[in-house]
Number of protein chains: 2
Amino acid sequence: MPEKILAEQIANQLRRDILRGILPPGASIKERDNAAEMGVSRTPMREAIRILAKEGLVLLRPSRSPIVARPAFEEVADQVAVLVALEKLSAELACREAGAGDLAQIRAILDEMDRNFDQADPLDMFEIDMSFHSAIALASHNAALVETHTSYLQRLWHARYLAAIQRRNRDRVIRQHTRIVEAIEAGDPEAARDAIGVHMQSMTEDIRTVIAEETAKIEKTDIKTGETT
Amino acid sequence: MPEKILAEQIANQLRRDILRGILPPGASIKERDNAAEMGVSRTPMREAIRILAKEGLVLLRPSRSPIVARPAFEEVADQVAVLVALEKLSAELACREAGAGDLAQIRAILDEMDRNFDQADPLDMFEIDMSFHSAIALASHNAALVETHTSYLQRLWHARYLAAIQRRNRDRVIRQHTRIVEAIEAGDPEAARDAIGVHMQSMTEDIRTVIAEETAKIEKTDIKTGETT
DNA sequence: GTCGAAAATTTGGTATACCAAAAATTGTTG
DNA sequence: CAACAATTTTTGGTATACCAAATTTTCGAC
């Protein structure tokens with residue numbers, strides 16, 4: 001694959017730092033300073049910040065440095081509601097459009113999660129989980145849906161990652177994923193929508209819990225030190 | 001409202017030219033030439049082109065000038081499938097979340113269309129039609145949904161505009177919009193989803209017909225003159 | 001007339017400089 | 001000590017120049 005332009009490389013690096021908490025919510029991203037640190041000019045840095053702002057990972061402020069977004073639960077919940085609709089559409093279309101290769105791919109990812117859930121590194125397992133959902137979107141054979149779905153996966157990555165890490169539940173995840181796969185293999189759109197609905201309901205609850213905990217932690221820190229950004 | 005930056009103004013102007021057919025599908029947008037014509041530098045022009053590419057109105061090509069997108073029916077149909085899911089979610093959430101002001105706004109737009117459909121300029125009427133759909137999205141009180149829905153409205157504007165202009169059917173549109181409004185006013189999510197489904201099915205058929213006609217027209221022109229871009 | 005090589009042109013990407021506006025900081029006064 | 005004014009700093013946006021790569025055009029040989 002062709003080498004990415006500088007702006008995309010910078011966006012990827014910043015995205016990784018944000019998703020891994022190296023750049024925590026509220027941290028400012030100074031265009032000039034960050035560019036100098038990376039030995040690049042402002043132009044690709046500016047472009048990269050724009051990319052991340054579009055993904056909802058960074059918040060642009062007029063005449064102030066952009067900051068790493070710290071979405072309230074309500075914002076995340078809004079995005080999750082849209083993601084649920086997209087995933088339901090994915091599963092529904094996959095029931096109709098998926099080829100044998102698509103189904104094999106989806107099943108293979110489920111089997112891999114089943115085998116390796118406990119041994120694998122949590123981040124790796126989380127990424128496999130995301131690839132499961134992406135594989136279903138790809139099986140829909142709807143390019144616009146794939147693109148929008150990917151955008152929401154990226155936006156929600158951090159919240160979902162925290163939720164997945166802190167509320168790991170192997171049996172529940174495998175059971176719910178299995179229901180989804182079986183519905184798609186059976187070509188049953190209604191069953192697929194229901195299975196997606198149950199799975200995403202669990203996830204929403206997990207995210208709510210995790211964000212509440214993070215918010216409590218942050219408020220305690222803010223009161224203690226009086227810190228602002 | 002604060003004055004927009006140059007890049008956004010340029011994007012708006014190019015968008016208008018594209019949607020109105022002044023820049024037809026396939027026309028190239030030369031960064032340097034267009035910038036010089038508008039008396040601006042490449043930087044805001046480049047940014048504007050990026051904005052339109054994100055909206056699907058412009059197709060970026062490596063080492064070649066971007067061109068005005070000429071989506072195949074399949075691409076448009078894919079986007080419409082996603083838009084249908086978003087509109088159903090809008091209507092569903094609006095049933096729960098809409099305030100009295102939201103309902104009044106939606107009803108007012110319907111009444112305005114009913115009164116002025118035949119007299120008003122077709123472009124004005126089309127824009128009112130779009131504002132009807134936007135009002136429902138706004139009534140959902142889900143910011144992420146509003147943003148994604150707006151993005152899809154923009155991407156699909158040209159196809160929908162052509163379809164609306166060439167297959168105008170006042171009674172059908174008013175009837176279908178009325179069903180949607182009544183379902184939302186009744187707070188009935190299922191009825192709202194059904195009404196949206198019927199309405200968008202009609203629209204998809206109209207778009208299919210119009211794109212088939214446009215494609216036939218373009219192929220005839222290409223064969224005749226051998227023109228390429 | 002065709003084909004291949006060389007030259008020219010076009011293009012996207014990036015670096016750097018400058019400007020106006022907004023925000024933050026500092027100093028002065030009451 | 002607080003408020004206000006002046007100054008400084010930071011910032012986003014834009015203009016311009018340059019470069020490497022890709023594409024197109026031109027030219028020469030067969």
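FYI, side chains are in, hydrogens and waters are out, and symmetry mates aren't considered; it's all heavy atoms of this structure. Chain letters run A, B, ... following the sequence lines, proteins first and then strands; every chain starts at 1.
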Self-check item: Stretch residues 33-45 of chain B: residues that reach within less than 4.0 Å of DNA chain C through a heavy atom
Solution: B:Arg42

Quiz prompt | A:Glu8 atom CD, neighbour heavy-atom count above 12 within 6.0 Å | solution = yes

Quiz item: How long is the line joining CZ of B:Arg46 and C1' of C:dT10, in whole Å?
Solution: 15 Å

Practice problem: Round to the nearest Å and state the distance from A:Lys30 atom NZ to C:dA24 atom C1'. | Solution: 11 Å

Quiz item: With a non-hydrogen cut-off below 4.0 angstrom, is B:Glu31 in contact with a base, only sugar-phosphate, or nothing?
Solution: sugar-phosphate

Quiz item: With A:Glu147, which residues qualify under side-chain hydrogen bond (donor to acceptor under 3.5 Å, both in side chains), at least two apart?
Solution: B:Arg155

Practice problem: Specify the angle, to 10°, made by the local axes at the two ends of the helix from C:dG1-D:dC30 to C:dG30-D:dC1 when five pairs are taken at each end. | Solution: 10°

Quiz item: What is the 5' to 3' range of DNA chain D, first to last nucleotide, that sits under 4.0 Å from any heavy atom of chain A?
Solution: D:dT11 to D:dG13

Practice problem: Mind checking side-chain hydrogen bond (donor to acceptor under 3.5 Å, both in side chains) for B:Ser202 and listing every partner two or more places apart, or none if nothing turns up? | Solution: B:Gln176

Quiz prompt | Whichever of A:Glu47 and A:Arg64 has its nearest DNA chain C nucleotide further upstream toward 5' | solution = A:Glu47

Review item, side-chain donor-acceptor pairs of residues 46-55 of chain A, under 3.5 Å, at least two apart:
residue : atom : partner : partner atom : Å
A:Glu47 : OE2  : B:Arg50 : NE           : 3.3
A:Arg50 : NE   : B:Glu47 : OE2          : 3.4
A:Glu55 : OE1  : A:Arg15 : NE           : 2.9
A:Glu55 : OE1  : A:Arg15 : NH2          : 3.4
A:Glu55 : OE2  : A:Arg15 : NH2          : 2.7

Exercise. Identify whether any heavy atom of A:Leu6 sits under 4.0 Å from a base atom; if not, whether one sits that close to sugar-phosphate; answer base, sugar-phosphate or nothing.
Key: sugar-phosphate

Quiz prompt | Sequence-distant partners of B:His141, ring-ring contact (aromatic ring centres under 6.0 Å, His included), two or more places apart | solution = none

Quiz item: What pairs with B:Tyr152 under ring-ring contact (aromatic ring centres under 6.0 Å, His included), at least two apart in sequence or on another chain?
Solution: none

Practice problem: Find the distance B:Arg32:CZ to C:dT9:C1' and express it as a whole number of Å. | Solution: 11 Å

Exercise. Return the set of residues passing salt bridge (Lys or Arg N to Asp or Glu O under 4.0 Å) with B:Glu205 (not counting sequence neighbours), or none when no residue passes.
Key: B:Arg208

Name each donor-acceptor pair under 3.5 Å that joins a side chain in residues 90-98 of chain B to protein atoms two or more places apart or in another chain, with its distance.
residue : atom : partner  : partner atom : Å
B:Ser90 : OG   : B:Leu86  : O            : 3.1
B:Glu92 : OE1  : B:Arg193 : NH1          : 2.5

Quiz item: Got a sec: does the CD of B:Glu74 have more than 12 other heavy atoms crowding it under 6.0 Å?
Solution: no

Self-check item: Residues in side-chain hydrogen bond (donor to acceptor under 3.5 Å, both in side chains) contact with B:Asp17, at least two apart in sequence or another chain
Solution: none

Quiz item: Does B:His133 have any ring-ring contact (aromatic ring centres under 6.0 Å, His included) partners at least two apart in sequence or in another chain, and if so, which?
Solution: B:His177, B:His199

